[in-house]
Amino acid sequence: MALLDGGGYAEYAVAHEGTVMPMPREFSFIEAAAVPEAFLTAWQCLKYHGDVQPGQRVLIHAGASGVGTALAQLVERHFKATAITTSSAEKVDVCKSFASHALDRTPDEAGVCFAPKVKSLFGEESINLIIDPVVGGTYLSEDALCIANDGKIVVIGFMGGTNVFFSCLPLHRQRAEIIFSKLRSESMELKAQLVSTFEEEIVPLLSARKVLPVANKTYPLEEVKQAHTYLDDPKTWGKIVLTVNSPLVERAKASPLPIH
């Protein structure tokens, strides 16, 4: 399995040798395909940007997504910290499978999504790290109300839009950082380092099935349009995997050689 720069919608793909790692033993090809992008994004956010420590609290928005479920599992099962997720109401049960706390982010009458719920659980300014793929609307403003002293907000997407208007005072008061992260544009050297540390620290957990990719649905490559239609459904959760009928894949499945 490999972290690609792009071009993954194909029977064959080119990957730098430093971004390739063995499939965990007993993994299916579908499970392996759901690992690299989601888990390495999560690994970069937690280990390199967030420097998560045992006992800390990590707030994860879009917690039912492929990256969200990877983040929650790594927070809880590797870093020994507390994962708090936000999601729409219909996805809360999915999040409960991976995180200690799963919050419904349905806005209240004032349009506020999650900050009061976080405060009621943990008190004021209690979150050490926030992973935010939403940002727009009230999200960044509410992040600022939850962040602890010297906390960090890692932005990995703009599902809620790119324009944000909010007071910087809470972030200044807490000496907080906002970090913008984009794995795809990182250098090959950094990607290889990510893969190397991930293979050393996390692949054994995958092999032991202590953490797992969440492959919710598969489509044949020829039905990629239908896959994207499903992806646009707000009820979608986990990863969607495209499958390929290829002689190379069939030979690999039948190979008697040991896999990691």
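Keep in mind it's a predicted model, so treat the numbers as computed, not measured. Positions are given from 1, in the same order as the sequence printed here. Below, all heavy atoms of this structure are taken into account, side chains as well, without hydrogens, waters or symmetry copies.
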Going by an N to O cut-off under 4.0 Å, is there a salt bridge joining [X] and [Y]?
{"X": "Glu125", "Y": "Arg173", "value": "yes"}
{"X": "Asp5", "Y": "Lys191", "value": "yes"}
{"X": "Glu26", "Y": "Arg209", "value": "no"}

Side chain of [X], backbone of [Y]: donor and acceptor closer than 3.5 Å?
{"X": "Ser207", "Y": "Val203", "result": "yes"}
{"X": "Glu142", "Y": "Val112", "result": "no"}
{"X": "Lys235", "Y": "Glu90", "result": "no"}
{"X": "Glu31", "Y": "Ser28", "result": "yes"}

Of all heavy-atom pairs between [X] and [Y], which one has the smallest distance, and what is that distance?
{"X": "Lys91", "Y": "Thr236", "answer": "NZ-O, 2.8 Å"}
{"X": "Glu76", "Y": "Ser100", "answer": "OE2-OG, 2.6 Å"}
{"X": "Arg105", "Y": "Thr86", "answer": "CB-CB, 4.1 Å"}
{"X": "Gln73", "Y": "Val214", "answer": "NE2-CG2, 4.3 Å"}
{"X": "Ser141", "Y": "Phe165", "answer": "OG-O, 3.8 Å"}
{"X": "Cys95", "Y": "Gly63", "answer": "SG-C, 3.5 Å"}

Taking atom types as modelled, find out whether Thr197 and Glu201 have a side-chain donor-acceptor pair closer than 3.5 angstrom.
no

Using a distance-only test with no angle check, is there a side-chain donor-acceptor pair under 3.5 angstrom linking Tyr48 and Ser181?
no

Do the side chains of [Y] and [X] get nearer than 4.5 Å, heavy atoms only?
{"X": "Leu59", "Y": "Phe114", "result": "yes"}
{"X": "Leu206", "Y": "Pro213", "result": "yes"}
{"X": "Met159", "Y": "His61", "result": "no"}

Hey, could you give me the [atom1]/[atom2] distance between [X] and [Y], rounded to the nearest 0.5 Å?
{"X": "Thr19", "Y": "Leu190", "atom1": "OG1", "atom2": "CG", "result": "12.0 Å"}
{"X": "Leu231", "Y": "Lys239", "atom1": "CG", "atom2": "NZ", "result": "9.0 Å"}
{"X": "Ser126", "Y": "Lys119", "atom1": "OG", "atom2": "NZ", "result": "9.0 Å"}
{"X": "Asn128", "Y": "Asp51", "atom1": "CG", "atom2": "CG", "result": "11.0 Å"}
{"X": "Leu145", "Y": "Phe166", "atom1": "CG", "atom2": "CZ", "result": "10.0 Å"}
{"X": "Met1", "Y": "Leu40", "atom1": "CE", "atom2": "CG", "result": "8.0 Å"}

In a check of side-chain contact (heavy atoms from CB on, under 4.5 Å) between Val75 and each of Leu129, Ile84, Leu46, which one passes?
Leu46

How are the rings of [X] and [Y] set to each other: parallel, tilted or perpendicular (split at 30° and 60°)?
{"X": "Tyr9", "Y": "His228", "answer": "tilted"}
{"X": "Tyr230", "Y": "Tyr219", "answer": "tilted"}
{"X": "Phe180", "Y": "Phe158", "answer": "parallel"}

Might you confirm whether atom CZ of Arg175 has over 12 heavy atoms from other residues, nucleotides or ligands at distances under 6.0 Å?
yes

